[in-house]
Amino acid sequence: MTKARIALCVGLLTILGQAGLVMAANPDSGPGCGLGKLAWSDYPNQKNIAPQVMMATTNGTFGSQTFGISSGTSGCTNDGQIMAEHKVNVFAASNYENLSQEMAQGQGEHLASLATLMGVPAEDQPAFFAMAQDRYTNMAQTGNPEPEAIVAALHQGLNQNSISAQSSLHR
């Protein structure tokens, strides 16, 4: 009977020790981000139930975690493919007139910035500029191209040509 108790104690200590290692490796301090995380960030013992409930309740009440995640605010980050693509589209829309002129010319500061946002390395940008000029000429013949159409055509050109770009930024 004593051997059984010792074996049981050793088994429990082993299991509890493993759980402690897992918990020590997890630096999570609550519900991630959002207004609740910011509002209760100074509360001591972040891993206790009370501050986590207050953070989650605040986030749920105001919907701030969803907004923070999608907009990259309130302590939330989103560096994924959707945000990268959004940056390209916003840049193209904001600089549409300059991009249109520079794509027609096959060179320019705004076109170089767009190439960088799309992940095209500097050594491949001359080929990107030539491809952009060709794509723009084709689009201009069919009508006045919109910023979204320009970006889509450039993504298509990146995929069809041997121009390298970060794969997470183009389709």
Side-chain angles (χ1 to χ4, degrees), residues 25-43 46 51-52 54-171:
N26 182 6
D28 184 30
S29 62
C33 62
L35 180 60
K37 181 71 172 180
L38 296 175
W40 300 103
S41 64
D42 293 336
Y43 196 91
Q46 293 283 309
Q52 290 190 32
M54 289 185 289
M55 288 179 214
T57 302
T58 304
N59 284 339
T61 302
F62 296 103
S64 63
Q65 192 169 31
T66 304
F67 174 77
I69 291 170
S70 57
S71 65
T73 60
S74 302
C76 303
T77 60
N78 184 344
D79 296 329
Q81 180 177 355
I82 294 170
M83 290 300 288
E85 181 61 29
H86 183 69
K87 290 176 188 175
V88 170
N89 287 332
V90 168
F91 180 83
S94 301
N95 296 286
Y96 175 70
E97 294 297 324
N98 291 324
L99 277 174
S100 296
Q101 291 175 1
E102 292 176 9
M103 286 178 70
Q105 296 168 357
Q107 63 181 0
E109 183 178 308
H110 294 88
L111 188 57
S113 296
L114 181 65
T116 301
L117 279 175
M118 293 179 77
V120 178
E123 62 270 9
D124 290 336
Q125 287 187 6
F128 175 83
F129 297 159
M131 180 271 295
Q133 185 176 27
D134 183 55
R135 295 274 168 166
Y136 186 79
T137 301
N138 292 338
M139 291 176 71
Q141 291 172 354
T142 61
N144 193 14
E146 295 296 317
E148 297 82 15
I150 289 173
V151 171
L154 293 176
H155 279 301
Q156 185 180 24
L158 286 172
N159 289 331
Q160 291 176 350
N161 294 300
S162 60
I163 301 169
S164 65
Q166 295 175 359
S167 60
S168 65
L169 295 180
H170 70 280
R171 299 170 209 190

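Side chains included, hydrogens not; waters and symmetry mates left out as well; all remaining heavy atoms used. One-based numbering along the sequence shown.
Put simply, the side chain of Leu114 reaches to within 4.5 Å of the side chain of Leu154, judged on heavy atoms. Annotation: side chain of Gln101 is not in contact with side chain of His110 (no heavy-atom distance under 4.5 Å). Side chains of Ile150 and Tyr96 form a contact here, defined as non-hydrogen atoms less than 4.5 Å apart. Residues Val151 and Phe91 have side chains not in contact (no heavy-atom distance under 4.5 Å, counting atoms from C-beta outward).
The side chain to side chain contact (heavy atoms under 4.5 Å, CB included) test applied to Thr57 returns Val53, Thr61, not counting sequence neighbours. Residues meeting the side chain to side chain contact (heavy atoms under 4.5 Å, CB included) test with Asn138, sequence neighbours left out: Asp134, Gln141.
For Leu111 against Glu102, the heavy-atom pair with the smallest separation is N-OE1, 2.8 Å. Annotation for Leu117 and Lys87: closest pair CD1-O, 4.2 Å, computed over non-hydrogen atoms. The nearest pair of heavy atoms linking Gln125 to Thr116 is NE2-OG1, 3.3 Å.
Counting only distance, with no hydrogens or angles, the side chain of Asp124 and the backbone of Val120 share no donor-acceptor pair below 3.5 Å. A distance-only check finds a donor-acceptor pair linking the side chain of Thr142 to the backbone of Met139 [under 3.5 Å]. Between the side chain of Gln107 and the backbone N or O of Phe129, no donor-acceptor pair lies under 3.5 Å. Of the possible donor and acceptor atoms, none in the side chain of Gln133 sits under 3.5 Å from a partner among the backbone N and O of Met103.
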Stepwise, does the side-chain contact (heavy atoms from CB on, under 4.5 Å) test hold for Phe128 with Leu158?
CA-CA 8 Å; Phe128 175 83; Leu158 286 172; 3.9 Å; yes
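Few gaps surround CD on Gln160; more than 12 heavy atoms of other groups in view lie less than 6.0 Å from it.
Atom OG in Ser113 sits 13.0 Å away from atom CE in Met118 (nearest 0.5 Å).
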